[in-house]
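Everything quoted here is computed from the prediction, not taken from an experiment.
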Amino acid sequence: MQKTFQIKSVDRTRIYPLGVSFEEEGLRISAVCSGMGEEGIVLFDRRHKDGVRIPFPDRCKVGAVCAMMLCGYHDKTCSYLFYRGEEVYQDPFCKRVCNPYGYGEPKPELPRCQPPAEAYDWGDDRNVHIPYEEMLIYALHVRGFTKHRSSGVKHKGTYAGVAEKIPYMQELGMNMALLMPCYEFDEIMPENTAQTMEQAILTYKQELPPVDGKEKKKPRINYWGYQSGLYYVPKSAYAHSKDAAGEFKDMVRAFHKAGIGVSMQFYFPPDMRTVEILDILKYWVLAYHIDGFHLLSASLDVGLIAGEPLLAETMILTGEGNAHQSAGRTRNLGWLSDSFLYNMRRFVKGDDNMINQFLFHLRENKDEIGIVNSIARWDGFRLADLVSYDRKHNEENGENNQDGVDYNCSWNCGVEGKSRKKGIQELRLRQMKNAVTILLMSQGTPLLYSGDEFANTQGGNNNPYCQDNETAWIKWNYTEAGRELLDFTKFMIGMRKAHRILHSRTLLRGIDTLSCGFPDISFHGREAWRPDTSPASRCVGVMYCGFYAVNGAQEDERFFYIAVNMHWEVDYLGLPKLPKGKLWTYSSSTGREIPEIEEDASSQEICVPARSIVLCTTRDVPVETEKTGRKKGKKNKGDEREQ
């Protein structure tokens with residue numbers, strides 16, 4: 001027998017926020033109504049296992065919003081859906097979902113919504129504020145990051161599994177995790193009528209066992225998740241436990257304890273209003289302590305979002321076009337640079353007329369906005385595939401290789417795909433090191449996609465949006481070359497973090513503003529101070545002057561010289577003369593060769609191997625003894641710097 005509910009209107013001042021939640025008086029329901037036919041809530045609980053329909057009374061409506069209280073109702077096990085006529089739908093403002101289905105399982109019934117759980121004990125956890133110049137972003141897919149059998153975690157493919165990998169991210173040196181969509185969305189894609197049966201089978205070779213003598217293929221999966229969904233709820237299928245919200249919060253708290261921020265990607269359809277988007281972002285900051293967002297939307301008022309006081313220390317990352325709309329307003333806003341990605345790929349593979357583009361992107365930085373650089377991302381080739389494939393290989397997506405970007409600015413180093421030739425393997429490793437060096441030595445914020453640091457591959461697939469399998473998962477059983485690349489990446493990250501001149505807060509201007517005899521950044525060719533920027537040039541030296549590494553006071557007087565040669569032949573670069581008491585010394589190289597630096601030569605030069613980058617730095621040495629017998633080395637306080 002159905003229970004009669006006592007319903008009363010909610011005070012106008014308490015209509016918002018929208019959604020369903022428990023209060024002391026009972027169950028508070030606030031929903032948007034269309035005004036088309038009867039609308040209300042279907043409530044499921046211990047007494048109403050099949051659900052009971054409760055219409056929204058006209059007296060409880062203000063405008064298009066109905067806000068009512070079910071007085072005396074306190075069944076915390078309840079779940080609900082909304083209805084409009086015969087149609088039932090999920091509450092777009094719900095905070096929890098009861099989803100009994102595993103990832104990729106068809107859902108014969110719509111998962112029900114639930115009121116928010118009890119308050120979570122955050123302890124002393126606080127948001128991590130990391131400015132763009134200090135930030136190193138590590139992008140990952142929550143499921144694919146640990147789903148592979150080689151991941152070594154207990155709870156594979158879940159928030160808990162990601163948390164198990166936090167020590168690895170700490171050791172790598174990254175301080176901002178960027179999660180691909182992990183709000184609640186339906187990963188089952190509707191049948192594509194444009195596909196033939198053969199194409200569908202190619203898409204997913206894994207098939208379910210026969211049922212009643214009929215073969216049943218696995219449904220197509222939207223693995224990436226760039227679609228609309230329940231934006232206030234963590235995806236339940238990414239949780240090991242039944243409490244997805246609690247497990248997500250545990251993960252965030254573990255990241256913060258390790259000094260790593262957590263940011264999220266959100267896709268919003270073009271017709272979604274910015275004010276709605278703003279409400280969603282504020283909720284995740286308050287309820288889940290999220291530190292940043294990467295917003296994907298065709299229409300976005302980023303000025304309104306970035307100008308929200310609550311988000312003043314929250315990373316708001318968009319595309320280049322959107323970010324330009326409000327440049328100069330606040331530095332919580334940044335853009336993901338597509339031009340860096342394509343230009344630096346072309347430079348690394350040795351294209352003509354790229355030297356000026358390289359020098360521009362190397363120092364590109366803005367005081368009022370963050371610029372985020374990447375060489376490889378989720379939507380394209382992995383770093384290892386950039387140096388192994390000339391063409392995309394998306395055949396298994398079931399779309400006749402028509403999907404994905406056609407031109408990736410990649411180069412297979414002479415052989416398409418896997419190769420056992422040692423020369424090819426060595427060249428590919430060198431090219432990957434070149435890309436990592438350019439990414440980490442450039443002034444913008446580096447973004448590294450998970451697995452690229454140890455040469456994870458997708459087999460040439462540059463659009464694995466529907467591949468929930470080993471193609472898209474991170475393979476942690478990396479090769480010897482992968483281990484070498486990983487060690488090199490750790491070294492370069494450590495070098496960047498240790499020296500402020502390599503990640504300046506402001507634009508390096510190329511002029512001597514300190515009157516110290518050296519500009520903050522300078523470019524060099526076969527002769528020092530004379531770079532070759534002709535269309536055929538692929539070789540240049542870049543010097544960073546450590547005198548400009550200031551943060552209230554001088555903290556590092558080391559110089560850095562990056563000798564870059566993307567030509568297929570050996571070249572030479574001139575080394576600038578240093579102040580007395582300093583000598584150039586070799587630091588690292590992307591190749592096997594270790595170039596020698598003649599310290600006593602009147603005009604120094606460095607031999608840069610083909611397709612290599614050599615990093616030199618300085619060491620302090622005592623200078624010649626003066627007639628007074630005092631050695632000229634470090635000056636006492638008050639002494640002027642010697643030129």
With the threshold set at 4.0 Å, does a side-chain nitrogen-carboxylate oxygen contact exist between Asp620 and Lys582?
yes
Evaluate the side chain to side chain donor-acceptor pair (under 3.5 Å) criterion for residues Asn434 and Thr590: first the C-alpha distance (whole Å), next the side-chain angles of each, then the deciding distance (0.1 Å), finally the verdict.
CA-CA 6 Å; Asn434 289 338; Thr590 60; 2.7 Å; yes
Are Tyr548 and Asp512 linked by a side-chain donor-acceptor pair shorter than 3.5 Å?
yes
Side chain to side chain donor-acceptor pair (under 3.5 Å) between Gln458 and His393, worked out
CA-CA 9 Å; Gln458 291 176 173; His393 294 270; over 6 Å; no
Just checking, is any N or O donor in the side chain of Ser522 or His524 under 3.5 Å from an acceptor N or O on the other one?
yes
Partner set under side chain to side chain contact (heavy atoms under 4.5 Å, CB included) for Arg363, not counting sequence neighbours:
Leu507, Ile521, Phe523
Once rounded to the nearest 0.5 Å, what's the spacing between atom CG of Leu439 and atom CG of Leu447?
8.0 Å
Donor on one side chain, acceptor on other, Gln443 and His361, under 3.5 Å:
no
Using the test side chain to side chain contact (heavy atoms under 4.5 Å, CB included), find all partners of Leu341 that sit at least two apart in sequence or belong to another chain.
Arg345, Ser374, Arg377
Heavy-atom count around Lys421 NZ within 6.0 Å, excluding the residue itself: above 12?
no
Does the ring center of Phe145 lie less than 6.0 Å from the ring center of Trp476?
yes
Using every non-hydrogen atom in the two residues, find where Cys545 and Pro519 come nearest and quote the distance to one decimal.
CB-O, 3.2 Å
So, Asp571 and Asn565: side-chain donor and acceptor under 3.5 Å apart, yes or no?
no
Under the rule for side chain to side chain donor-acceptor pair (under 3.5 Å), what residues qualify as partners of Asn127, not counting sequence neighbours?
Asp291
Run the numbers on Asp390 and Asn412 for side chain to side chain donor-acceptor pair (under 3.5 Å), then give the verdict.
CA-CA 5 Å; Asp390 277 356; Asn412 63 19; 3.3 Å; yes
Assess whether a salt bridge exists between Glu593 and Arg430, defined as any Lys/Arg side-chain N lying under 4.0 Å from an Asp/Glu carboxylate O.
yes
Mind listing the closest non-hydrogen atom pair of Ala481 and Leu429 along with its distance?
O-CD1, 3.7 Å
Excluding sequence neighbours, so at least two apart, what forms ring pair (Phe, Tyr, Trp, His ring centres under 6.0 Å) with His256?
none
Mind checking the CZ-CG spacing from Arg346 to Asn353? Nearest 0.5 Å is all I need.
8.0 Å
Decide if the gap between the ring center of Tyr478 and the ring center of Phe454 is smaller than 6.0 angstrom.
yes
Just checking Phe491: does its CZ atom have more than 12 heavy atoms from other residues, nucleotides or ligands closer to it than 6.0 angstrom?
yes
Side chain to side chain contact (heavy atoms under 4.5 Å, CB included) partner of Thr445, chosen from Val372, Ile371, Asn373:
Val372
Side chains of Asn462 and Asn408, donor plus acceptor under 3.5 Å:
yes
State which residues pass side chain to side chain donor-acceptor pair (under 3.5 Å) with Trp378; sequence neighbours excluded, sorted by chain then number.
Tyr226
Is the shortest side-chain N to carboxylate O distance from Arg526 to Asp532 below 4.0 Å?
no
Lys490 with Glu171: basic N within carboxylate O range, under 4.0 Å
yes
Is the ring centre of Phe266 less than 6.0 Å from the ring centre of His294?
no
Contact summary for Ala536 and Arg538, nearest pair of heavy atoms
O-NH1, 3.0 Å
Should Glu484 and Arg592 count as an ion pair when the cut-off is N to O under 4.0 Å?
yes
Please tell me whether Tyr561 and Tyr544 form a close aromatic pair, meaning their ring centres lie under 6.0 Å apart.
no
Let me see the working for Glu453 and Tyr138 under side chain to side chain donor-acceptor pair (under 3.5 Å), right down to the final yes or no.
CA-CA 10 Å; Glu453 69 272 18; Tyr138 191 68; 2.6 Å; yes
Under the ring pair (Phe, Tyr, Trp, His ring centres under 6.0 Å) test, residues paired with Trp473 that sit two or more places apart
none
Regarding His503 and Glu133, is there a side-chain donor-to-acceptor distance under 3.5 Å anywhere?
no
CZ of Arg428 to NZ of Lys418: how many Å apart, nearest 0.5 Å?
11.0 Å
So, applying salt bridge (Lys or Arg N to Asp or Glu O under 4.0 Å) with Glu470, which one of Lys475, Lys147, Arg149 is it?
Arg149
Do Thr506 and Asp367 meet the criterion of a side-chain donor-acceptor pair at a distance under 3.5 Å?
no
